[in-house]
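Below is one structure, written out as structure tokens; the observations come after it.
As the structure is a computational prediction, the values presented were derived from the model and not from experiment. Heavy atoms only: backbone and side chains are in, while hydrogens, waters and symmetry mates are out. Here is how names work: the chains are called A, B, and so on, in the same order as the sequence lines, proteins then strands, and each is numbered from 1.
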Amino acid sequence: MDPLELFRNETESILGSILGKKGIDHRPEFGDAPKGLGDAAFPCFPLAKVLKMAPVKIAEELAEECKAHLRRSDFRLIEKVEAAKGYLNFYYNEKELMRLTLRAIDEMGRDYGKGKQRKERIILEHTSANPNGPFHVGRARNPIIGDTLARILRFAGCDIVTEYYVNDMGKQAVILAWGIDNLKGKVEKGKGKNDHRLVPFYQRASALMNENPDVLEEINAMLKRYEKGDRKIGKEVQHYCSLILEGMKHTLREMNILLDNYVFESRYVYNRDVTGVIEKLRQSDYSREEHGAYYLELEDFGIQGRETRFFYTRKDGTSLYTTRDLAYHLDKLRRGDRVIDVLGEDHRLQARQLAIALGELGEEKKPEVIFYAFVSLPEGKMSTRRGRVVYLDNLIEEALERAYKEVHKRRPDLSEEDKRRIAKIVGIGAIRYNIIRVQMEKSMVFRWEEALNFEGDSAPFIQYTHARASSILRKAGDEGSVLKEEAAGYLLDPNELALIRALARFPGLVQECAYRLKIHTMASYLRETARLFNQFYRECPVLTAPEGEREARLLLVRAFRSVIATGLGLLGIEAPEFM
RNA sequence: GCCCCCAUGGCCUAGUUUGGAUAUGGCACCAGCCUCCGGAGCUGGGGAUCUCGGGUUCGAAUCCCGAUGGGGGCACCA
């Protein structure tokens, strides 16, 4: 149930019929009016030319006709219509707005805002980081964006499956295996989880390969045998990859991120899908060959730059990463109605090449790709090689520690167990929120003080309002639920109305987030709604309010707490009862 | 060399896709608010020629062209 949708329907219907009578084929499009000037605004400027009238005049005339129309019919939700500076402003009947919104939330609880279940299946690929070392924060945007998007789409009603594509084939994977095999005892193991323990082997092997042509030769030979189907090498490489992946999964779990499927790249070589892709691509009109290696000439597709060729086999006939990715995408497109990929912006060109190649393979559907810009450090790009990285695990550790100190300072009365639990909820929330609050195409510079911000525009700020609301409800016990339809009659303060307006927007916002694949708007919404609650909290005492008013306010607090908890949940952030 | 993305107060950011009324919040700064439901909060204040230059339009942060600055990419790597 979307309280605003009903209102929109009424305004569109009334204005549509009036314009229709005038013979104007103009589907009314509404915008938001500035504060205090109504709930839906119709700009009359575009009509000026058609009607040969001043916009101000048009607005006044239309307002009169709307008023007449309103008197004749039963549009309950529209309170009034006014003309102002060339705009036609519709006002939502405040009592109805409050009644409908509070009732919807009270009845639906945590399902308020949930979209109708759709049949169409979405496969969302995200994270897919190479299993050769721990996550660093430069790449942490991917799993957080991906997981949040999945949560929102699912809530919006989509049938969605999330997938991590594991690169257990290719050079990276072989370098790691070569390193572990050949450098045992020569390289000091890292500490802790598998990903940290084993990454030094990868780093050292990678360096050796660049210095020493013999090593490179060895690794290439190993790679070739692997791809040609050598079971022993295959098993070994995959084993090391999965060891590291285990450590990486642990980090994801810490961040409240669980994926449905882990799809291994090697599978598409073993099941011959990759061979099929190569054979089919060779029949493309754009396919060429050079020294035994095959490529697609993409100049005609608008690909520009130094190199317009897109290689899909090496000269030894083995596949490349993108070839295997093509097989994976064909598989995904077969399994799902929509395919969404979350990728770093360094993959923009590859994504275009992939889309073109899919077309050449006869695939009509295309993956929808969303790109995020990188997180860098104040001193520059993150680089594992130069030791200029912040690992996600270290960030998490730091966040939990700082959150623990805060909790301990503010709530020394809590048990040790509670303090730890709250610290985790707050620390992880702060990290996730900090990534999500910014539009993903904007690059961001990682700063500890921002990533661990617990005030203002942050998850802890929102979580705090949830704890406050919970505290009130705890003290009130189960009262308040007696009042339902009449509650609106007691809510007369502008702060109450402002808060309810925000709660009414929630269902529409969920759909918009899902439709546009924009998730930062959910973060903005929650921050704004939490702010409104704090203002209400300050101005409208609940527990000490007189009979009636007290119950009505309790209903509002309960509604707020429910929506804010649902919203935080969509961001993968927990909402504590106290903190 | 060529292609793509980004640019909003000292710093971070919303609004840009679908042009519309006074440009959204936060941090920092200044001044206030706990005998009162939790001050991780609230109120007030100062601070923005929306990078620059053209154009389209009744109207541009938003659309178009150009420039500048920053980021990314242009492998028989992934």
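Nucleotide G69(B): paired with C6(B) (Watson-Crick or G-U wobble, both distances less than 3.5 Å). Base pairing annotation: G19(B) forms no Watson-Crick or G-U wobble pair, as no partner gives both donor-acceptor distances under 3.5 Å. Nucleotide G1(B) is matched to C74(B) when pairs are restricted to Watson-Crick or G-U wobble geometry with both distances under 3.5 angstrom. C37(B) makes up no base pair with any nucleotide shown, lacking Watson-Crick or G-U wobble contacts both under 3.5 Å.
Here the side chain of Ser524(A) is nearest to one of A14(B), G38(B), G20(B), namely A14(B). Here the side chain of Ala467(A) is nearest to one of G38(B), A21(B), C76(B), namely G38(B). With distances taken from any side-chain atom of Asn534(A) to the nucleotides G38(B), C42(B), A78(B), the minimum falls on C42(B). The listed nucleotides are C37(B), A21(B), G20(B); the one nearest the side chain of Val542(A) is C37(B).
Lys35(A) comes within 4.0 angstrom of no nucleic acid atom, judged by non-hydrogen atoms across all strands. Residue Ala545(A) is classed as having no contact, given no heavy-atom separation below 4.0 Å to the nucleic acid. Contacts of Ala173(A) with the nucleic acid, taken as non-hydrogen atoms under 4.0 Å apart, are absent. Contacts of Ile303(A) with the nucleic acid, taken as non-hydrogen atoms under 4.0 Å apart, are absent. Cys44(A) comes within contact range of no nucleotide atom at all, as no heavy-atom separation falls under 4.0 Å. Residue contacts shown for Arg324(A) are limited to sugar-phosphate atoms, with no base heavy atom under 4.0 Å away. When heavy atoms are screened at a 4.0 angstrom cut-off, Ser471(A) is found touching base atoms of the nucleic acid. Using a 4.0 Å heavy-atom criterion, one finds that Gln463(A) contacts no nucleic acid atom at all. Across all strands shown, Met444(A) has no heavy atoms under 4.0 Å from either base or sugar-phosphate atoms. Nucleic acid contact class of Lys315(A) (heavy atoms, under 4.0 Å, all strands): base. In this structure, Thr465(A) reaches neither bases nor backbone, as no heavy-atom distance under 4.0 Å exists between it and the strands shown. Heavy atoms of Asn89(A) sit under 4.0 angstrom from at least one base atom.
Checking the phosphate oxygens (OP1, OP2) of U16(B), no side-chain nitrogen or oxygen of Lys518(A) falls inside 4.0 Å. Proximity of Arg314(A) to the phosphate of A78(B): a side-chain N or O atom is located under 4.0 Å from OP1 or OP2. For the pair Lys381(A) and G71(B), the criterion of a side-chain N or O lying under 4.0 Å from OP1 or OP2 is not met. A sub-4.0 Å separation between OP1 or OP2 of A14(B) and a side-chain N or O of Tyr525(A) is absent. In this structure, Asn130(A) does not reach the A78(B) phosphate: none of its side-chain N or O atoms is under 4.0 Å from OP1 or OP2. Phosphate proximity of A40(B) to Tyr464(A): present, with a side-chain N or O under 4.0 Å from OP1 or OP2.
Cys513(A) places none of its side-chain heavy atoms less than 4.5 Å from the side chain of Ile519(A). Using a 4.5 Å heavy-atom cutoff, the side chains of Leu491(A) and Leu497(A) are not in contact.
Under 4.0 Å is where a charged nitrogen must lie from a carboxylate oxygen, and between Glu441(A) and Lys518(A) at least one such pair does. Using a cutoff of 4.0 Å between basic side-chain nitrogens and carboxylate oxygens, Arg8(A) and Glu5(A) are not scored as salt-bridged. Salt bridge status for Lys57(A) with Glu61(A): absent, with no side-chain N to carboxylate O gap under 4.0 Å. A salt bridge does not link Arg314(A) with Asp316(A): every distance from a Lys NZ or Arg NE/NH1/NH2 to an Asp or Glu carboxylate oxygen is 4.0 Å or more.
Separating the C1' atom of G10(B) from that of G47(B) is a span of 9 Å, rounded to the nearest Å. On the C1' atoms, G55(B) is 33 Å away from C11(B), given to the nearest whole Å. Between the C1' atoms of A7(B) and C50(B), the separation comes to 10 Å (whole Å). A gap of 38 Å separates the P atoms of A28(B) and C64(B), to the nearest Å. Separating the P atom of C42(B) from that of C3(B) is a span of 48 Å, rounded to the nearest Å. Taking atom P in both G32(B) and G72(B), one finds a spacing of 47 Å when rounded to whole Å. Taking the P atom of each, U16(B) and U51(B) are spaced 16 Å apart, rounded to whole Å.
Straight-line distance from the OH atom of Tyr294(A) to the C1' atom of C76(B): 13 Å, rounded to whole Å. Protein atom NE2 of His520(A) is 10 Å distant from nucleotide atom C1' of U16(B), rounded to whole Å. Atom CD1 of Ile462(A) and atom P of C42(B) are 12 Å apart (whole Å). Atom CG of Leu452(A) is separated from atom C1' of C12(B) by 15 Å (rounded to the nearest Å). The separation between Phe454(A) atom CZ and A40(B) atom C1' is 9 Å, rounded to whole Å. Between Phe461(A) atom CZ and G26(B) atom P there is a gap of 8 Å when expressed in whole angstrom units. A straight line from CZ of Arg527(A) to P of G26(B) spans 8 Å, rounded to a whole angstrom. Whole-Å rounding puts the Tyr268(A) OH to A78(B) P distance at 17 Å.
Annotation: Phe506(A) is in aromatic contact with Tyr525(A) [ring centroid separation under 6.0 Å]. The aromatic ring centroids of Phe301(A) and Tyr286(A) lie less than 6.0 Å from each other. Aromatic ring centroids of Phe45(A) and Tyr87(A) lie under 6.0 Å apart. Aromatic pair Tyr328(A)/Tyr165(A): centroids less than 6.0 angstrom apart. Between Phe533(A) and Phe536(A), the ring center distance clears the sub-6.0 Å criterion.
Applying the 90° cutoff around 0 to the glycosidic angle, C63(B) is assigned anti.
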Using a cut-off of under 3.5 Å, enumerate the N/O to N/O pairs linking the protein to nucleotides 43-45 of chain B.
{"residue": "U43(B)", "atom": "OP1", "partner": "Gln535(A)", "partner atom": "NE2", "Å": "2.5"}

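By the criterion of a centre-to-centre distance under 5.5 Å and near-parallel planes under 30°, the ring of Phe45(A) forms a stack with the base of G20(B). Residue Phe374(A) and nucleotide G71(B) are not classified as a stacked aromatic pair, given the requirement of ring centres less than 5.5 Å apart at an interplanar angle below 30°.
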In B/S/- notation, 5' to 3', how is nucleotides 2-11 of chain B contacted by protein heavy atoms closer than 4.0 Å?
BSSSSSB---
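Nearer the 5' end of RNA chain B, as judged by each residue's closest nucleotide, is the contact made by Glu406(A), out of Arg309(A) and Glu406(A).
Within a 6.0 Å radius of NZ in Lys228(A), more than 12 heavy atoms belonging to other residues, nucleotides or ligands are found.
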Report all side-chain donor-acceptor pairs from residues 344-353 of chain A shorter than 3.5 Å, counting only partners two or more places apart or in another chain.
{"residue": "Asp346(A)", "atom": "OD2", "partner": "Arg139(A)", "partner atom": "NH2", "Å": "3.3"}
{"residue": "Arg352(A)", "atom": "NH2", "partner": "Gly302(A)", "partner atom": "O", "Å": "3.4"}

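Evaluated for a salt bridge (charged side-chain N to carboxylate O under 4.0 Å, His left out) with Arg309(A), the options Glu299(A), Glu290(A), Glu297(A) yield exactly one hit, Glu290(A).
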